[in-house]
Amino acid sequence: MCFILLHEFNISTNFKVFPFKWYHLMQASNDLSLGKSSFQWQNLSWRFRSTSATERALQYQAGQKISGFTVKEVVTVPDLFLTAVKLTHDNTGAQYLHAARDDKNNLFSVQLRTTPMDNTGVPHILEHTVLCGSEKYPCRDPFFKMLNRSLSTFMNAFTASDFTMYPFSTQNGKDFQNLLSVYLDAVFFPCLRELDFWQEGWRLENENPTDPTSPLVFKGVVFNEMKGAFSDNERVYAQHLQNKLYPDHTYGVVSGGEPLAIPDLSWEQLKHFHATHYHPSNARFFTYGDLPLEQHLKQIQEEALSKFERTEPDTAVPNQPHWDRPREDHVTCSPDAMAPDAAKQNTLCMSYLLGDITDTFEGFTLSLLSSLMISGPNSPFYKTLIEPKIGTNFSSVVGYDGSTKEASFSIGLQGMAEEDTEKVKQIIVQTIDEIIANGFEEERIEALLHKIEIQMKHQSTSFGLSLASYIASCWNHDGDPVQLLKISDSVAQFRQALKDNPRFLQEKVLHYFKDNTHRLTLSMSPDEAYLEKQVKAEEEKLQKKVQALSESDKKDIYEKGLELLSVQSKIQDASCLPALKVSDIEPTIAVTPVEMGTAGGVPVQYCEQPTNGMVYFRAMCSLNTLPEDLKLYVPLFCSVITKMGCGGLDYRQQAQQMELKTGGMSISTSVNPDYSNMDMYEQGVLLSSSCLERNLPDMFHLWSDIFNSPHFDDEERLRVLVMMSAQELANGISYSGHMYAMTRAARSLTPTGELQETFGGMEQVKFMKRIAEMPDLTQVLRTLPRIKRHILNPLNMRCAVNSTPQKMSDAAGQLDNFMSNVASNKKDRKPVLCLITPQEPNFKPCQMKTFFPMPFPINFVSECIRTVPFTHEDYARDPNSVQTLSTFRKSVDWVRSGQFTQQDIDEAKLSVFSAVDSPVAPSNKGMGRFLSGITDELKQAHRERLFAVTDKSLVDVAGRYLGIGQRTCGVAILGPENDTIKKDPSWVVK
């Protein structure tokens, strides 16, 4: 469950060409599984064997009646290998879209248009509260209980600015029906109990609920979640920008809830919002995959829609009245202790209101135009804003955003000095003038259209979810979702428009940017007293509430607090919920055949897959010969090596060729623990790239140039990349604090954990801050070739190729040529085994507790415990998989006492198998074996151990590894200043 401000997904435009909706679809494009679903409907006499899901869907006719629905349109979408069936519900007017596709990871989603008019967060709190029990399933938290009773591949709910969505996906037909029943009942027939509102939304409660003399404080899941959201400067900026650009209706408020406004929401208002917004007449249903549409329609009609009559929901969002002159505004934020330059923490951005997103082609054009303007080192705004180093990176909101009824485009800088404000404004205006005068190079437009072709061919495992997200905003405002899916039509129309009018794009820039008076310039600066003011404002709000209370009100609050505590601590009877059985789990894994070979003496794994005309290449290069003092530099090396230029190409030409010829080329750190020994691991860097089959020689030619002649001579280019990288790491702390806490907590437990902290933990964040602060980067430039000599050495390398059977021999030939071209990089040192090798045999696990004071009002806490490797017989019995526990330490006592039932064990097994059996894309098949050496035989043995886990073995394992005295654990906290921790000598305070 979460609140999403869709602006967030636009942050790293250098790496993401497309904004949230578009990019999300493309990233997850075409999970084409050529084999048909193995699942057969056991209750149905009709079984489809001879035809595919897409062909079956073509049999529907416009006007056909099915279970209370009428078919409106049936359309083939060959680009995405699907057939779209549009329907409406006769009685309620509910809209329905089915995307039939030969993909067994089936998805359901229902979205409601939710348009709040205040900052109380009512749609967000409602999204949480409807999942706390319903008429048919009255137990508390049926949603979370189903995580352990299902083999779902995804279950969640989202609150956006103007809609709320409830999606799930699963590969099991019986599971689909179970989850659909729970979701329909939750959305349309929730209990909405007052206690659930207090728990999920907000409440006044004694700080210690069992002590009536302890002070009253605000509590509540959403209240605390939004306090966390408002401690993230990027999110604060994005929220203000949207509210101020669209001030006159629902986008002028915080749909997730502004922390100090949340306590103004009453339980009655919550119930009223549900009654007016959560109605089928205000709903859009979406199903995807290879299961029969008829069964979905029948179940939705019988369990939900048949119980409603049509209403006329008043939820439409009017267009924002256009301003006749541009506006400026200013907001403040918390200072960032990790900022690359403490004196440069200002943000400035210009945001323009564009056209209605239901105009599909206009949205497509503006999305492409945005990418041409800001994406990569060849774009005009990158050249004028990023390269002069006025700021560290583009502003947190940048580029085209089609998540609101009328789209917007934003451009600006973060990490800049206050005195550069006017300069940045001038640069933005001048750059727009230059674009109107000069347009764009044809090769850049072709590179972008090539990117679309690649992203349509790339297959992911969550295509249904991405499709639901992609169409959500446009469909929400009565746009045509099917039109959105016809991407080739838009590409053809775009090419024709350029052919008919060479100034087509320049005229768009003139209209939407130069001549547009609906423009907001928003600046943000740090305020040392920001957090203090927030705390004070919350305290004042609290006192105002408390002063209005009588003694009997306070007594009532205390009693309600005890009642909530009692309900929360009661063991819930979840027997009303549907559940799969362990016998529903496939007993054996699907085998992934691979062939082993060599190219130029380097081991290669070949995996033939239905990759839809794509070739995927990976190479693992060992770090075993790298001197220890260079380890901290490896992530920096990885991030810059493909962006500095190579061979005869400068960095701009290199970026252009990568976009024209590949689906991306990257290098990342890789630390793989040995599957049989906790103290052994492989350390390396992973090279990854993909391309269309026709571009194989070009992709390997680019890799050859990176191996043979990377450019390490441009200090200015390196500084730009360092500043951007340091800024992104600093921004990520409040967003991914839990990941940093977990990485740090695991640091002292295994050699792997220690290296992962070096490469991706707080240690790396601080290191990059130090590099960004250096006035002279000459020493860093000298370090990069030293690292390259150790890493890009074919003697320390192994490769993997995934492609179609028809293309594999060609791919092998091209790989051979590549290895011949880079043979000169072989160093005359003893070859290093690329298999997992022992490191630091003297490593001793130890207890460690670390605290990082951070300028935000929430704590990220992690405790990690050393257990056993993958092949150990106890690995399958990790009791932390039994997810029925409130806190980890209580869970240990609970497991050791053996107070769990067979049902608990079965639910834990379902939960574990849900993760173990999550779908794998053709591009990633065989990667477990390649990276970690875990073969299908090892996976099957692990599977059998999971099936065999008993209550006795769980109690035994908990006693052996998790009991006090037996366990070695690490703890880490990132959070606000804490005097108790500072006074405790057992904590290391950073």
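What you see is a predicted model, and the numbers here were worked out from it, not measured in a lab. Along the sequence shown, the residues carry numbers beginning at 1. Below, all heavy atoms of this structure are taken into account, side chains as well, without hydrogens, waters or symmetry copies.
- At distances below 3.5 Å, not a single donor-acceptor pair connects side-chain atoms of H274 with backbone N or O atoms of L192.
- Side-chain contact check for T170 and N172: no donor-acceptor pair (N or O, by modelled atom type) lies under 3.5 Å.
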Check: residues 81-88 side-chain donor-acceptor pairs under 3.5 Å, at least two apart:
unit_1, atom_1, unit_2, atom_2, d
T83, OG1, T54, O, 2.9
K86, NZ, E73, OE1, 3.4
K86, NZ, D480, OD1, 3.1

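- A donor and an acceptor atom, one from each side chain of S169 and T153, are located under 3.5 Å apart.
- In this structure, the salt bridge (Lys or Arg N to Asp or Glu O under 4.0 Å) partners of K271, at least two apart in sequence or on a different chain, are E268.
- At least one test fails for K145 against the ring of Y137: distance under 6.0 Å to the centre or angle within 45° of the axis.
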Requested in this report: Kindly determine whether K451 and E659 satisfy side-chain contact (heavy atoms from CB on, under 4.5 Å), including the steps that lead there.
Outcome: CA-CA 7 Å; K451 195 158 197 150; E659 288 205 338; 3.8 Å; yes
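- Between the side chains of H98 and T287, at least one donor-acceptor pair of N or O atoms lies under 3.5 Å.
- Around NZ of K581, the count of heavy atoms belonging to other residues, nucleotides or ligands within 6.0 Å does not exceed 12.
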Handout entry: Audit row: E586, F913, side-chain contact (heavy atoms from CB on, under 4.5 Å) steps and yes/no
Key = CA-CA 9 Å; E586 288 287 337; F913 276 108; over 6 Å; no
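- I454 and C691 make their closest contact through CD1-CA, 4.2 Å (heavy atoms, listed as atom of the first residue, atom of the second, distance).
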**Request:** Carefully, step by step, assess T115 and F163 under the rule side-chain contact (heavy atoms from CB on, under 4.5 Å).
**Result:** CA-CA 7 Å; T115 48; F163 68 83; over 6 Å; no
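- Without hydrogens or angle criteria, N282 side chain to P313 main chain gives no donor-acceptor distance under 3.5 Å.
- Between the side chain of Y470 and the backbone N or O of L484 there is at least one donor-acceptor pair closer than 3.5 Å.
- Residues A186 and P190 come closest through the heavy atom pair O-CB, 3.3 Å.
- The closest side-chain donor-acceptor pair between W475 and Q95 falls under 3.5 angstrom.
- Ion pairing of E693 with K807 is absent here, as no side-chain N (NZ or NE/NH1/NH2) approaches a carboxylate O to less than 4.0 Å.
- A side-chain N or O of D175 and one of S150 form a donor-acceptor pair less than 3.5 Å apart.
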Next item on the list: I would like to know whether D90 and K65 meet salt bridge (Lys or Arg N to Asp or Glu O under 4.0 Å); could you show each step before the answer?
Entry: CA-CA 9 Å; D90 301 336; K65 304 276 186 185; 3.7 Å; yes
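- Classification of R495 and E446 as a salt-bridged pair holds, one side-chain N sitting under 4.0 Å from a carboxylate O.
- In this structure, the ring of F273 has its center no less than 6.0 angstrom from the ring center of Y278.
- In this structure, a donor-acceptor pair under 3.5 Å is absent between the side chains of Q483 and T360.
- With sequence neighbours excluded, the residues that form a salt bridge (Lys or Arg N to Asp or Glu O under 4.0 Å) with D584 are K174.
- Among all heavy-atom pairs drawn from M146 and M155, the shortest one is CB-CE, 3.8 Å.
- Between F108 and F168, the ring centre distance stays below 6.0 Å.
- To the nearest 0.5 Å, the span separating CG on N106 from CG on L179 amounts to 11.5 Å.
- For the pair I445 and F494, the minimum side-chain heavy-atom distance is below 4.5 Å.
- When only modelled atom types and interatomic distance are considered, Y246 and T404 share a side-chain donor-acceptor pair under 3.5 Å.
- Closest approach of Q459 to A921, counting heavy atoms only: O-CB, 3.4 Å.
- When only modelled atom types and interatomic distance are considered, T114 and T164 share a side-chain donor-acceptor pair under 3.5 Å.
- Heavy atoms only, all atoms of each residue included: A62 and K72 are closest at CB-O, 3.8 Å.
- Taking D917 as the reference, R943 meet the salt bridge (Lys or Arg N to Asp or Glu O under 4.0 Å) condition, with sequence neighbours excluded.
- There is a side-chain donor-acceptor pair under 3.5 Å between D500 and Q496.
- L107 pairs with exactly one of F176, F463, F286 by the side-chain contact (heavy atoms from CB on, under 4.5 Å) rule, that one being F286.
- Remark: the E303 side chain and the S181 side chain contain an N/O donor-acceptor pair separated by less than 3.5 Å.
- S370 contributes a side-chain N or O that, together with a main-chain N or O of Y400, makes up a donor-acceptor pair within less than 3.5 Å.
- Taken to the nearest 0.5 Å, the OG1 atom of T611 stands 7.5 Å off from the CG atom of N802.
- The closest side-chain donor-acceptor pair between E406 and Y251, if any, does not fall under 3.5 angstrom.
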Please determine whether side-chain hydrogen bond (donor to acceptor under 3.5 Å, both in side chains) holds for the pair Q242 and S161, giving the CA-CA distance in whole Å, both sets of side-chain angles, and the decisive distance to 0.1 Å. CA-CA 9 Å; Q242 178 174 296; S161 298; 2.9 Å; yes
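- Between P123 and T159, the closest heavy-atom pair is O-OG1, 3.8 Å.
- Rounded to the nearest 0.5 angstrom, Q171 CD and L291 CG are separated by 11.0 Å.
- Side chains of Q64 and T70: no donor on one and acceptor on the other come within 3.5 Å.
- Side-chain contact check for L366 versus F409: every heavy-atom pair is 4.5 Å or farther apart.
- Under 3.5 Å, the side chains of K405 and N319 contain a donor-acceptor pair of N or O atoms.
- Under a 3.5 Å cut-off, the side chain of R149 and the backbone N or O of A574 do form a donor-acceptor pair.
- In this structure, the side chain of H279 engages the main chain of S281 through a donor-acceptor pair within 3.5 Å.
- A salt bridge links R284 with D478: the distance from a Lys NZ or Arg NE/NH1/NH2 to an Asp or Glu carboxylate oxygen falls below 4.0 Å.
- In this structure, the side chain of H124 engages the main chain of G256 through a donor-acceptor pair within 3.5 Å.
- A 4.5 Å side-chain heavy-atom check between L505 and L498 finds at least one atom pair inside the cut-off.
- Here K298 pairs with E302 under the salt bridge (Lys or Arg N to Asp or Glu O under 4.0 Å) rule; sequence neighbours left out.
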* Step-by-step side-chain contact (heavy atoms from CB on, under 4.5 Å) determination, H296 to Y96 -> CA-CA 11 Å; H296 301 336; Y96 196 111; 3.5 Å; yes
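- Taking OG1 from T662 and CG from L692, the interatomic distance works out to 9.5 Å, rounded to the nearest 0.5 Å.
- Distance check: L80 CG to S466 OG gives 11.0 Å after rounding to the nearest 0.5 Å.
- Contacts of H249 classified as side chain to side chain contact (heavy atoms under 4.5 Å, CB included), with partners at least two apart in sequence or in another chain: M117, V317, P318.
- Judged purely by atom type and a 3.5 angstrom limit, S52 uses its side chain to pair as donor or acceptor with the backbone of E55.
- With rounding to the nearest 0.5 Å, the separation of CG in L448 from OG in S367 is 8.0 Å.
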